[in-house]
Number of protein chains: 2
Amino acid sequence: MAEEIKVHSEEALTEEEIFNQDAPRKKLKVTNAFQQLMNPNKPKPKQQQKPERSTGGNPFKNRMGLGAYLDDPASFPASIVIAHDNEFVVIHDKFPKATVHTLILPRSSKCNLKHPFDAFDDPELLVKVKVQVEKVKSLVAAELQRKLGTYSEAERDRQAVLDGKVDLKPGQDLPKGRDWAKEIKVGVHAVPSMTHLHVHILSRDMHSESLKHRKHYNSFVTEFLVDIDDFPLPKDDPRRRTKEEGYLARDLCCWRCGKNFGAQFKQLKEHLDGEFDKWKRE
Amino acid sequence: MAEEIKVHSEEALTEEEIFNQDAPRKKLKVTNAFQQLMNPNKPKPKQQQKPERSTGGNPFKNRMGLGAYLDDPASFPASIVIAHDNEFVVIHDKFPKATVHTLILPRSSKCNLKHPFDAFDDPELLVKVKVQVEKVKSLVAAELQRKLGTYSEAERDRQAVLDGKVDLKPGQDLPKGRDWAKEIKVGVHAVPSMTHLHVHILSRDMHSESLKHRKHYNSFVTEFLVDIDDFPLPKDDPRRRTKEEGYLARDLCCWRCGKNFGAQFKQLKEHLDGEFDKWKRE
DNA sequence: TATTCCGATAGTGAC
DNA sequence: GTCACTATCGGAATGAG
Ligand SMILES: Nc1ncnc2c1ncn2[C@@H]1O[C@H](COP(=O)(O)O)[C@@H](O)[C@H]1O
Ligand SMILES: Nc1ncnc2c1ncn2[C@@H]1O[C@H](COP(=O)(O)O)[C@@H](O)[C@H]1O
Ligand SMILES: [Zn+2]
Ligand SMILES: [Zn+2]
């Protein structure tokens with residue numbers, strides 16, 4: 001069977017190289033000190049009054065952070081912004097949860113503040129996104145090859161033939177090498193935290209220092225991650241009603257062998273170290 | 001009204017001064033490594049098998065720690081063992097929860113492993129304990145005077161007259177100085193953790209570095225501390241059924257002004273710093 | 001289900 | 001509700017020219 005995605009390129013994930021600065025920042029705050037009165041009732045864990053909220057806050061802070069890429073994608077180096085055109089900005093996730101983790105940001109202001117379930121009810125947008133996804137999957141596959149190809153047994157078998165170190169037997173095909181595209185997941189979070197519409201494209205290994213707690217992990221290995229291929233999402237799909245559901249509170253289970261770690265995140269992390277070593281050698 | 005307890009002594013809490021060593025320790029362990037099998041079910045937060053339990057363990061470890069004082073009280077310096085005779089050993093709590101915190105340990109092997117509620121059903125023991133309590137309260141009061149007397153306003157008023165710096169008006173009595181005995185609490189925990197029978201005698205300030213969490217605090221400021229004067233405890237006293245009661249999980253409230261800190265232990269601690277400064281100056 | 005800091009909570013191990 | 005250690009869980013701020 002033919003590979004649909006070419007994954008043997010040696011290119012890294014770069015298209016443009018316009019350097020500039022980080023996301024712009026503004027500040028405007030008035031700080032007032034408030035006296036805390038004797039409190040006869042149980043205080044909620046907030047103990048101080050907040051200073052007055054200032055008017056005219058600043059863009060691209062906190063949950064608005066992805067807006068900076070849409071606002072001026074050319075201002076970022078290629079190590080951050082992978083590619084951009086009038087329709088999309090493609091970036092490296094700043095806190096990658098896997099060896100390769102990128103985001104596709106649709107630029108259209110008509111849709112890019114919508115919830116993905118609503119935004120992708122628009123078939124025109126959805127088809128564009130799916131086309132863009134295929135392109136980015138190729139880039140991510142190439143990046144996996146660049147980072148991990150030397151460990152891969154399948155790649156070594158192929159390379160041995162290419163290098164003339166092993167001769168093909170009569171009628172034998174050139175070994176295919178590793179199909180990295182099969183190791184890539186694409187989808188959106190059922191309840192995103194970042195405001196701007198974005199699609200995750202990431203390798204499935206979940207091996208990353210930025211993966212720091214149970215919700216990080218479960219948000220990519222449970223139905224909380226809604227595959228792009230599931231769109232358009234049926235009106236009655238139960239994931240449309242994901243709110244404070246249990247997906248993220250589920251037991252931690254290894255994506256590769258299924259082993260259950262309960263709530264023991266650190267134990268899972270150590271196990272994932274070992275699974276990563278085996279996975280990259282496949 | 002006459003003071004019942006003389007608290008103006010300048011003696012520190014010492015009676016004997018036989019030095020020796022800390023509680024004895026022995027070791028005997030066999031360590032085996034066990035292979036952890038793949039676990040299809042949620043593990044409880046224990047992840048490793050324990051090594052085989054060794055036979056003939058060592059006394060006076062962990063919850064048995066108070067036994068060392070009963071076993072050989074003379075082996076401890078006066079800075080640890082305050083006094084001892086055939087009936088009692090009196091010690092400084094190794095992790096004091098207040099400025100002065102001592103323990104009375106009855107030596108009788110007939111009672112000293114009983115729960116205090118059961119042990120104090122014996123009227124003969126109870127009366128001896130109450131007599132001993134009064135002696136130790138005097139020692140603790142003297143220790144408070146030694147540590148904090150210089151800060152006390154009541155003490156300064158008395159001392160000014162004693163030093164001849166202030167003259168008594170006709171018919172005026174010598175100021176009494178501070179009644180430190182009123183600042184002392186005596187009782188047992190409804191559910192002790194240390195195995196050997198012990199009575200707490202401590203100042204009420206709860207100002208100590210060893211006071212580290214909510215249960216420490218609430219175990220001395222709620223009904224979890226059963227006053228020695230409440231014994232003999234009625235058979236139907238609800239505190240006899242203290243097990244998983246809510247005493248220790250209660251909101252943190254300042255013993256001095258009643259302010260409620262909810263679960264905010266650190267906030268309470270900072271508040272207690274201030275209360276201690278005011279309290280010691282009374 | 002943004003990150004980061006900080007603190008409260010919870011389980012274990014104690015030779 | 002021994003202590004000490006680790007880790008998990010949980011709220012609140014996130015900005016000072
Ligand atoms: N400033 C940022 N730049 C790039 N990626 C970000 C930034 N802040 C957060 N992220 C990523 O954005 C994603 C948002 O996830 P979610 O909103 O749950 O779909 C996460 O994977 C974050 O790591
Ligand atoms: N080795 C020890 N020497 C002296 N006091 C101790 C020792 N270990 C624990 N304690 C104290 O013993 C008391 C036991 O409290 P409880 O069993 O809750 O009544 C606590 O106040 C501890 O600080
Ligand atoms: Zn596994
Ligand atoms: Zn107070």
Side-chain angles (χ1 to χ4, degrees), chain A residues 25-31 44-48 50-51 53-54 56-58 60-66 93-95 97 103 188-196 198 200 210 212-220 222 224-225 242-245 247-249 252 262-267 269, chain B residues 25-31 44-48 50-58 60-66 93-95 97 188-196 198 210 212-220 222 224-225 242-245 247-249 252 262-267 269:
Chain A
R25 306 185 172 213
K26 301 180 184 171
K27 328 167 204 176
L28 176 58
K29 192 178 73 166
V30 177
T31 302
K44 286 294 162 227
K46 104 176 73 144
Q47 69 268 25
Q48 316 281 27
K50 324 183 138 169
R53 172 143 294 283
S54 63
N58 350 51
F60 313 149
K61 278 287 166 187
N62 308 327
R63 293 183 157 86
M64 298 292 287
L66 301 182
D93 193 295
K94 190 176 179 181
F95 307 95
K97 307 306 189 293
L103 302 176
V188 299
H189 279 163
V191 183
S193 284
M194 297 302 278
T195 306
H196 297 86
H198 56 279
H200 295 268
S210 293
K212 294 184 175 175
H213 54 67
R214 185 205 299 231
K215 289 177 178 180
H216 280 159
Y217 184 76
N218 278 343
S219 76
F220 289 105
T222 69
F224 194 87
L225 183 71
T242 300
K243 280 279 176 287
E244 311 296 321
E245 313 276 334
Y247 295 136
L248 302 178
L252 294 162
Q264 297 173 202
F265 183 78
K266 184 162 190 149
Q267 301 279 121
K269 286 282 284 186
Chain B
R25 306 185 174 213
K26 299 177 185 172
K27 327 172 204 182
L28 176 58
K29 191 180 72 170
V30 178
T31 303
K44 286 294 161 229
K46 104 175 68 144
Q47 70 269 23
Q48 315 280 27
K50 325 182 134 169
E52 271 309 314
R53 170 142 297 281
S54 62
T55 55
N58 351 45
F60 313 150
K61 279 285 166 190
N62 308 327
R63 292 183 157 84
M64 298 292 288
L66 301 182
D93 193 295
K94 191 175 179 182
F95 307 94
K97 306 307 188 293
V188 298
H189 279 164
V191 182
S193 285
M194 298 303 277
T195 306
H196 297 85
H198 56 280
S210 293
K212 293 183 174 176
H213 53 69
R214 186 206 298 234
K215 288 178 177 182
H216 279 160
Y217 184 76
N218 278 342
S219 76
F220 289 105
T222 69
F224 194 88
L225 182 71
T242 301
K243 278 277 175 291
E244 312 298 320
E245 313 273 336
Y247 296 136
L248 301 178
L252 294 162
Q264 297 172 207
F265 183 78
K266 185 164 186 144
Q267 301 278 121
K269 286 281 284 186

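Here is how names work: the chains are called A, B, and so on, in the same order as the sequence lines, proteins then strands, and each is numbered from 1. As a basis for the values below, the full set of heavy atoms in this structure was taken, side chains included, without hydrogen atoms, waters or symmetry mates. Worth saying up front: this structure is predicted, and the values here are computed from it rather than measured.
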Problem set entry | Euclidean distance, R63(A) CZ relative to H196(A) NE2, rounded to 0.5 Å | 13.5 Å

Seminar exercise, completed: Sequence neighbours excluded, the answer for side chain to side chain donor-acceptor pair (under 3.5 Å) partners of T242(A) is none

[X] has an atom [atom1]; how far is it from atom [atom2] of [N], in whole Å?
X	N	atom1	atom2	result
N62(B)	dT12(C)	CG	P	16 Å
K215(B)	dA4(D)	NZ	C1'	15 Å
K61(B)	dA4(D)	NZ	P	13 Å
Q267(A)	dA7(D)	CD	C1'	10 Å
M194(A)	dT1(C)	CE	C1'	12 Å
H189(A)	dT1(C)	NE2	P	6 Å

Side chain proximity check, [X] to [Y], heavy atoms < 4.5 angstrom:
X	Y	result
L66(B)	T195(B)	no
Y217(A)	K269(A)	no
R214(B)	L252(B)	yes
L248(B)	S219(B)	yes

Exercise. Is the phosphate of dA2(C), meaning OP1 or OP2, less than 4.0 Å from a side-chain N or O of S193(A)?
Worked result: yes

Problem set entry | Residue-phosphate contact under 4.0 Å: R214(B) side-chain N/O, dT9(C) OP1/OP2 | yes

For this session: State which residues pass side-chain contact (heavy atoms from CB on, under 4.5 Å) with K212(A); sequence neighbours excluded, sorted by chain then number.
Result: H216(A)

Exercise. Residues in side-chain contact (heavy atoms from CB on, under 4.5 Å) with T222(B), at least two apart?
Worked result: N218(B), F224(B), Y247(B), R250(B)

Exercise. If you measure from the P atom in dC5(C) to the same atom in dG15(D), how many Å do you get, rounded?
Worked result: 11 Å

Exercise. Can you name the ring-ring contact (aromatic ring centres under 6.0 Å, His included) partners of H198(B), sequence neighbours left out?
Worked result: H200(B)

Check: protein-nucleotides 3-7 of chain C nitrogen or oxygen pairs below 3.5 Å:
from: dT3(C); atom 1: OP1; to: K97(A); atom 2: NZ; distance (Å): 3.1
from: dT3(C); atom 1: OP1; to: H216(A); atom 2: NE2; distance (Å): 3.3
from: dT3(C); atom 1: OP2; to: H216(A); atom 2: NE2; distance (Å): 2.8
from: dT4(C); atom 1: OP2; to: K212(A); atom 2: NZ; distance (Å): 3.1
from: dG7(C); atom 1: OP1; to: K266(B); atom 2: NZ; distance (Å): 3.1

Exercise. Should stems be defined as at least three consecutive Watson-Crick or G-U pairs with both distances under 3.5 angstrom, which of them involve DNA chain D?
Worked result: C:2-14 with D:2-14

